[in-house]
Amino acid sequence: MQPQYLFTEIEQRAQQYWAEKNAFAAKLDGKKPKYYCLSMFPYPSGKLHMGHVRNYTIGDVLSRYHRMQGYDVLQPMGWDAFGLPAENAAIQNKVPPAKWTYDNIAYMKKQLQSLGFAIDWSRELATCKPEYYKWNQWLFLRMLEKGIAYKKTQTVNWDPVDQTVLANEQVIDGRGWRTGAVVEKREIPGYYLGITQYAEQLLADLDKLPGWPERVKTMQANWIGKSIGVRFAFIHDIRDTMGNLIDDGKLWVFTTRADTIMGVTFCAVAAEHPLATLAAQNQPELAAFIEKCKQGSVMEADMATMEKEGMDTGLKVLHPLSGEQVPVWVGNYVLMSYGEGAVMAVPAHDERDFGFAKKYDLPIRQSIAIEGAAFFSDAWVESYGDKSKGVCINSGKYDGLRYEAAVDAIAADLAAKTLGEKKTQWRLRDWGVSRQRYWGCPIPIIHCDACGDVPVPDEQLPVKLPEDCVPDGSGNPLNKLAAFINCDCPKCGKPAKRETDTMDTFVDSSWYYARYASRFSADAMVDAETSQWMPVDQYIGGIEHAILHLLYSRFWSKVMRDMALVSYDEPFANLLTQGMVLNHIFSRRTDKGGIEYFAPEEIGLIYDANGKIEGAKALADGQPVDFQGMGTMSKSKRNGVDPQSLIEQYGADTARFFMMFAAPPEQTLEWSDSGVEGSHRFLRRVWNFAHTHKPHSASLHLAVDWASVTRVIKTQRREIHLALKQANYDLGKQQFNTVASACMKMLNALETSIDVADTAGDNNTFASMFVIAEGFSMLLRLLSPICPHITHTMWRELGYGDDILTAFWPVPLEAALVQDEIEMMIQVNGKLRASMTVAKDADKANIEQLALSHAGVQKYLEGVSVKKVIVVPGKLVNVVVG
RNA sequence: GCGGCGAUGGUGGAAUUGGUAGACACAACAGGUUUAGGUCCUGUCGGGGGCAACUCUGUGGAGGUUCGAGUCCUCUUCGCCGCACCA
């Protein structure tokens, strides 16, 4: 055995061994339980970052742990390979996106392999390969047949930087999720997937996911946004300039508070509403206001702080139940994209309407009697809008009804007049998947002048994307590619044109997990193996995908299920959202007023007397820099750490250990160079221990008479087993930082040198050798999921076996855990006062007696009487006095 | 505004779920090994008081339940994340 811990050599040899043995090929033998462990696949951006290392280390620890627990494990890896960065790189470097992507994949694959992940590489896939995206196209056509996919022209979110349409989910605060550019509204035809048809299921089935974090489920539920209410119409006789009745003389609105319908004093419509457009035609002031609203609505970020503003259109509509005339206002707080783009306004029972009415001096009519709030003051009181504590008043025949009864009665009356009905309104809208981009999956449609939009026949799939295009930044290069565009109509055979839009890349990632399982199926999207492996037992990835990717994947699964392609309802049984990797941010204001960032290695920290960080200075000029605390690793802040240099300097095992040790998986992880060194120090100590003490497997065959072994050795053994017990408990909680701690505790216990008589054949010497060999073999196995290379090597060198992968998972022995004597704490009135050692089988009365007579306790008993004594077996005694 | 999560030493974080708070590390300090630096080893390390045995205090804050609370309940402050005029 080498005296030094030569990690580079150790890791390369271990990786070579696994590759030669094909050690991680996933196979189901039907006898063992299956465990499908999936980490979100990376976008091949160029090289791995620390977030990847963390993500995949968590997955690998779980995979290796379950494998040793006796599961058949599938841990695949692939590439989310379509997408815009490839096009942007192509524009810059004049290289086809395909080449850029494949080069990146090759490099990043090497990086992943150098980290020693137990991945079944035979199942590797890239979404930009025709063999994969063929099935995107195939399923899209099936969805088209079922009416789940359809084409429509709609106002869409247009990202002016990426020159493409964005789904609503991809617009964040009015800006493109990737570019941050202010999104414009455009009228563009495109294909949509009817995710709203599944809204109810997507919401309800969240309850089938106990293994998901609460906040992710909440975010999805909010996103789906179900509200139950009544859709009804005000009646009018408003005609456009041609004399045509607008919307058949009905102003439709949606409300969740139909019980307040008799309190309506006006209606408010969105700026884009037809009635607003009409009214603006001869009212320049109104037209100007509407224009202002429309511009404002693009900047959704400002909406939150925006003052409620509005303007009277002069138009009047009739209340469907009271027949009263109601004025129609344009309100900047009414959204065209939600509900009907118009609302009934009840200032007495809606906070927004209240503010609006106050501002414009519109009538406020109370229609609900609120418990404990008889009088309506000038200021809004929260209970005015509380549907749970009121009955209808001033509402004619509905007076005295509570919320539910009132809604039922009102909905029934509206229905009788065919002017309304109960309705469930969703915030979720259909998923627009057309993208005016090149580097994506072609939408399999052919446009024929005679036949219209014709689906590409199955036998012509895949519609292959040419891989040699170099985009120049001016839109989609497919539009200029005659060889791609020109084709024959599958229906009539006449010359026709191919659709050049490609699919949103979220389509690619919506089902890749199912394809890993059926990776070798050539003539079907998925085969029987998918049903055997699915659902994913553990999915691991960033919280940033809490809505988009996870919602789309759930939707896609349900579509595939309804087409009888798969049998599961939900694709991911358990979800772990790993925390981000942070590092210090150092910056300085430049003379020009900008901010200059410093990389951590360019900085020296200044400590105060207590060792607290006081400040920092730049190594280059010795001048102070601002220490901004921790932030996500990013290029712009210059606080990223390159995994590659970490692996080269310390090895993959150190990188993996640090990642697991520094924080629990769900929490943010703060980078620390000294923490990395500490992790490396630990692994070196493990190696040194093995080299110095030779805890060889042969020692496990020594015959030990445990009854006569010294207490010191027994305690040492107990500590090791105790740490293992804790670690196994923590593994169940997926709390890996304390598993790493337990490894350190075990080594600490092993290193407690035991002074035993150095006589050959002495029982204590044997016991000590046994304890060390036993403990070290347990340490190696416990550590192996986190640090597979060093443990693989030592397992073999110390003769424990050929391959630690096939070793059984260590469990603590009861015999090693029991103590002859137990230390018990003694409390008086809940305060810790003394401790004592009692025999393990001492009974309660005995313990009570010992505690009360304890010298450290006696002084607290003077002048008071003992009221009660509580004995917690094995732990403590509490003497209650008074 | 709504929803979710969190607050424990100088720092990252433990506390087997109501039973010895601060495990395991990092940093710092002191000492040893070393020609020196690094490595490595030993010790100290929440705060106050005491020469000491010890003692008081302590998990953002205020109450409460309990023999006993970091953990449960109520209120409150601050921080992070998500959604946000959703009718």
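Residue numbers begin at 1 in each chain, while the letters A, B, ... track the order of the sequences.
- In this entry the base of rU57(B) is anti relative to its sugar, with a glycosidic angle more than 90° from 0.
- By the 4.0 Å N-to-carboxylate-O rule, Glu200(A) lies close enough to Lys226(A) to be salt-bridged with it.
- The nearest whole Å value for the distance from the CD atom in Glu214(A) to the P atom in rC5(B) is 7 Å.
- Comparing the same atom, C1', in rG19(B) and in rA84(B) gives a spacing of 45 Å after rounding to whole Å.
- Here the separation of rG47(B) from rA23(B), taken at their P atoms, is 13 Å to the nearest Å.
- The side chain of Gln667(A) contributes an N or O atom lying less than 4.0 Å from OP1 or OP2 of rG13(B).
- One atom, CD of Glu677(A), and another, P of rA28(B), lie 11 Å apart when rounded to the nearest Å.
- Taking both residues in full, the closest heavy atoms of Ala342(A) and Val269(A) are given as CB-CG1, 3.7 Å, listed atom of the first, atom of the second, then distance.
- Distance noted for atom P between rA69(B) and rU59(B): 11 Å (whole Å).
- Closest to the side chain of Arg215(A), out of rA14(B), rA84(B), rG4(B), is rG4(B).
- Comment: Glu821(A) does not engage Lys840(A) in a salt bridge, judged by the lack of any side-chain N to carboxylate O separation of less than 4.0 angstrom.
- Among the nucleotides rG19(B), rC83(B), rA14(B), the one closest to the side chain of Lys875(A) is rG19(B).
- Summarising the geometry, the separation between CG on Asp673(A) and P on rG38(B) is reported as 17 Å, rounded to the nearest angstrom.
- Look at the P atom in both rC81(B) and rG64(B): the space between them is 36 Å, to the nearest Å.
- rA15(B) atom P lies 19 Å from atom CE of Met825(A), rounded to whole Å.
- Counting non-hydrogen atoms of neighbouring residues, nucleotides and ligands closer than 6.0 angstrom, the NZ atom of Lys733(A) exceeds 12 such neighbours.
- Side-chain proximity of Leu876(A) to the nucleotides rG19(B), rC85(B), rA87(B) is greatest for rG19(B).
- Pro213(A) comes within contact range of no nucleotide atom at all, as no heavy-atom separation falls under 4.0 Å.
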Between the protein and nucleotides 62-68 of chain B, which nitrogen or oxygen pairs come in under 3.5 angstrom?
from	atom 1	to	atom 2	distance (Å)
rC67(B)	O2'	Asn878(A)	ND2	3.2
rC67(B)	O2	Asn878(A)	ND2	2.5

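- The CD atom of Glu751(A) sits 12 Å away from the P atom of rC40(B) (whole-angstrom rounding).
- Heavy atoms of Asp350(A) sit nowhere under 4.0 angstrom from any nucleic acid atom.
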Below 3.5 Å is the cut-off: list the nitrogen or oxygen pairs between protein and nucleotides 54-56 of chain B, distance only.
from	atom 1	to	atom 2	distance (Å)
rU55(B)	OP1	Tyr860(A)	OH	3.0
rC56(B)	OP1	Arg833(A)	NH1	3.2
rC56(B)	OP2	Arg833(A)	NH1	3.1

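- For rC40(B), the OP1/OP2 oxygens have a side-chain nitrogen or oxygen of Arg684(A) closer than 4.0 Å.
- Nearer the 5' end of RNA chain B, as judged by each residue's closest nucleotide, is the contact made by Lys725(A), out of Met580(A) and Lys725(A).
- Looking only at atom types and distance, the side chain of Arg833(A) has no donor-acceptor partner in the side chain of Asn878(A) under 3.5 Å away.
- Among rU20(B), rC41(B), rU17(B), the nucleotide with an atom closest to any side-chain atom of Tyr729(A) is rU17(B).
- Of all heavy-atom pairs between Ile364(A) and Ala357(A), the closest is CG1-CB, 4.1 Å.
- Within a 6.0 Å radius of NZ in Lys423(A), more than 12 heavy atoms belonging to other residues, nucleotides or ligands are found.
- In this structure, of rC83(B), rA87(B), rC40(B), it is rA87(B) that holds the atom nearest to the side chain of Arg352(A).
- The number of heavy-atom neighbours closer than 6.0 Å to NZ of Lys359(A), taken from other residues, nucleotides and ligands shown, is above 12.
- Checking each of Glu666(A), His545(A), Glu544(A) against Thr577(A) for a side-chain hydrogen bond (donor to acceptor under 3.5 Å, both in side chains) leaves exactly one that passes, namely Glu666(A).
- In this structure, Val334(A) reaches the bases: a heavy-atom distance under 4.0 Å links it to at least one base atom across the strands shown.
- Between Met744(A) and Val343(A), the one whose closest nucleotide on RNA chain B sits nearer the 5' end is Met744(A).
- The separation of rG37(B) from rG22(B), taken at their C1' atoms, amounts to 34 Å, rounded to a whole angstrom.
- In secondary-structure terms, RNA chain B builds stems of at least 3 consecutive Watson-Crick or G-U pairs, each pair having both distances under 3.5 Å, at B:1-7 with B:77-83, B:10-12 with B:24-26, B:28-32 with B:40-44, B:46-49 with B:54-57, B:60-64 with B:72-76.
- For Phe661(A), whose side chain is taken as the heavy atoms from C-beta onward, the closest listed nucleotide among rA25(B), rG13(B), rG82(B) is rA25(B).
- When every heavy atom of Ser367(A) is checked against every heavy atom of Met262(A), the shortest pair comes out as CB-C, 4.2 Å.
- For Arg427(A), no side-chain nitrogen or oxygen approaches OP1 or OP2 of rA87(B) to under 4.0 Å.
- Side-chain contact of Tyr65(A) with Asn728(A): a donor-acceptor pair under 3.5 Å is absent, judged by distance alone.
- If you check every strand for non-hydrogen atoms under 4.0 Å, Thr668(A) touches sugar and phosphate atoms only.
- Closest non-hydrogen pair, Asp247(A) versus Pro274(A), comes out as OD2-CG, 4.1 Å.
- With 3.5 Å as the limit, one finds a donor-acceptor pair spanning the side chains of Arg554(A) and Gln220(A).
- Side-chain proximity of Ser227(A) to rA87(B), rA14(B), rG82(B): nearest is rA87(B).
- Comparing rA14(B) with rG68(B), their P atoms are spaced 28 Å from each other, to the whole Å.
- Taking only side-chain nitrogens and oxygens, Asn222(A) never comes nearer than 4.0 Å to OP1 or OP2 of rA84(B).
- Only the P atoms considered, rU55(B) is 30 Å distant from rC72(B), to the nearest whole Å.
- For the atom pair CD (Glu751(A)) and CG (Asn688(A)), the distance works out to 8.5 Å, reported to the nearest 0.5 Å.
- Here His273(A) contributes atom NE2 and Cys267(A) contributes atom SG; the two are 9.5 Å apart, rounded to the nearest 0.5 Å.
- Side-chain proximity of Arg681(A) to the nucleotides rA87(B), rG82(B), rC26(B) is greatest for rC26(B).
- Using C1' as the reference atom, rG46(B) and rA15(B) are 16 Å apart when rounded to the nearest Å.
- Classification of rG9(B) as syn follows from a glycosidic angle within 90° of 0.
- At the heavy-atom level, Gly678(A) lies under 4.0 Å from the strands shown only through sugar-phosphate atoms.
- When each of rA14(B), rU16(B), rA87(B) is scored by its nearest atom to the side-chain atoms of Gln735(A), the top-ranked nucleotide is rA14(B).
- When the nucleotides rU16(B), rA87(B), rG13(B) are ranked by their closest atom to the side chain of Pro664(A), rG13(B) comes out on top.
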